[in-house]
Amino acid sequence: MYSNFDELRENCLNCRECGLCETRHNVVVGVGNPKASVMFIGEGPGENEDLQGEPFVGRGGKLLDKMLTAVDLDRKKNIYIANIVKCRPPHNRDPKPEEQEQCIRWLRNQVTLIKPKIIVCLGRISAQKLIKPDLKITKEHGMFFKKGNYLMMPMFHPAAILRNPNQKPDAFADFLTLQKKIMEICPETYTDLG
Ligand code: URA
């Protein structure tokens with residue numbers, strides 16, 4: 001467990017604990033404000049993320065940024081974005097359970113340092129790993145689940161919305177639900193985050 005962010009990043013960038021290190025171009029540690037009260041957690045880097053070293057920078061990322069902007073959230077200012085696995089699974093396959101298990105210590109360390117109040121899980125893989133293994137994203141998206149100190153919300157993955165644009169109104173409604181909760185329990189997100 002690292003006690004500061006720079007140390008964590010430095011060590012994460014050199015991680016070789018699972019086979020994904022063999023094919024990666026970059027370790028995608030995360031992006032955002034380490035003082036954020038709201039974290040977004042996806043599944044793992046895709047091709048663009050692997051090449052650029054930042055989460056959600058492809059087409060799905062552009063859509064995510066649009067929806068974030070609509071509720072005054074900004075990856076550079078008032079949230080933090082990370083993934084369950086930090087290295088791209090070849091051909092964008094789902095990360096294997098053992099890869100998730102190996103990698104999640106980095107995410108746990110990030111969560112411990114950031115201490116968010118709300119964690120948004122983007123997509124099934126993230127929500128099933130972090131909330132409950134039998135979570136049904138189509139049924140339970142937009143709901144809050146209390147886990148320890150955190151309020152957790154599953155949302156549709158941006159790539160799923162791109163594949164299935166009729167999910168857009170529901171996805172947008174979830175962002176509005178999130179905005180309301182932020183105003184209620186962590187209004188500093190919109191005012192005085194350092
Ligand atoms: N999909 C994810 O789950 N995470 C990313 O960073 C990019 C695509």
Side-chain angles (χ1 to χ4, degrees), residues 5 8-9 12-13 15 18-21 23-34 36 38-69 73-111 114 116 118-133 135-138 140-142 152-165 167-168 170-171 174-175 178:
F5 234 76
L8 181 146
R9 173 173 285 277
C12 188
L13 289 174
C15 180
C18 83
L20 296 181
C21 71
T23 45
R24 75 181 179 217
H25 291 92
N26 283 290
V27 180
V28 181
V29 183
V31 66
N33 188 337
V38 184
M39 273 183 89
F40 285 76
I41 300 176
E43 166 183 330
E47 184 179 17
N48 295 295
E49 292 76 21
D50 176 56
L51 292 174
Q52 295 180 44
E54 183 171 329
F56 290 101
V57 290
R59 266 182 78 220
K62 299 265 175 313
L63 175 60
L64 177 63
D65 280 339
K66 245 192 205 170
M67 293 192 290
L68 290 170
T69 304
L73 297 175
D74 181 334
R75 67 167 71 203
K76 298 237 155 57
K77 294 196 181 125
N78 56 3
I79 57 169
Y80 192 90
I81 307 179
N83 281 307
I84 300 277
V85 297
K86 310 299 194 213
C87 298
R88 182 193 182 200
H91 312 295
N92 295 351
R93 62 159 169 76
D94 287 352
K96 295 178 185 162
E98 60 269 27
E99 292 160 350
Q100 296 183 37
E101 211 36 58
Q102 285 277 7
C103 202
I104 204 158
R105 71 180 179 99
W106 295 113
L107 181 63
R108 289 217 176 90
N109 201 151
Q110 287 172 305
V111 171
I114 295 172
I118 299 176
I119 297 178
V120 177
C121 297
L122 292 169
R124 174 184 59 86
I125 298 259
S126 167
Q128 290 186 340
K129 183 72 185 163
L130 300 177
I131 301 174
K132 53 176 182 172
L135 187 126
K136 295 269 179 296
I137 198 93
T138 43
E140 295 175 288
H141 69 89
M152 315 205 46
M153 183 207 248
M155 277 195 191
F156 290 123
H157 193 285
I161 304 170
L162 287 173
R163 281 195 303 271
N164 201 351
Q167 287 177 340
K168 248 187 200 172
D170 278 354
D174 291 349
F175 272 90
L178 173 67

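Note that ligands are numbered from 1 as they come in the structure, with each ligand's atoms numbered from 1 the same way.
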ask   = Just checking, is any N or O donor in the side chain of Gln102 or Lys96 under 3.5 Å from an acceptor N or O on the other one?
value = no
key: Atom NZ of Lys66: over 12 foreign heavy atoms under 6.0 Å   = no
ask   = Looking at residues at least two apart in the chain, or sitting in another chain, which of them share a side-chain hydrogen bond (donor to acceptor under 3.5 Å, both in side chains) with Arg88?
value = Asn92
inquiry  = Ile79 and side-chain contact (heavy atoms from CB on, under 4.5 Å): which single residue from Asp74, Val120, Leu68 fits?
reply    = Leu68
query = More than 12 foreign heavy atoms under 6.0 Å from CZ of Arg59: is that the case here?
reply = no
Per-ligand residue contacts, ligand 1, heavy-atom threshold under 4.0 Å = Gly42, Glu43, Gly44, Glu49, Pro55, Phe56, Asn83, His157
task = Report the C-alpha separation of Glu140 and Arg124 in whole Å, then their side-chain angles, then the decisive distance to 0.1 Å, and conclude whether the salt bridge (charged side-chain N to carboxylate O under 4.0 Å, His left out) test is met.
result = CA-CA 10 Å; Glu140 295 175 288; Arg124 174 184 59 86; over 6 Å; no
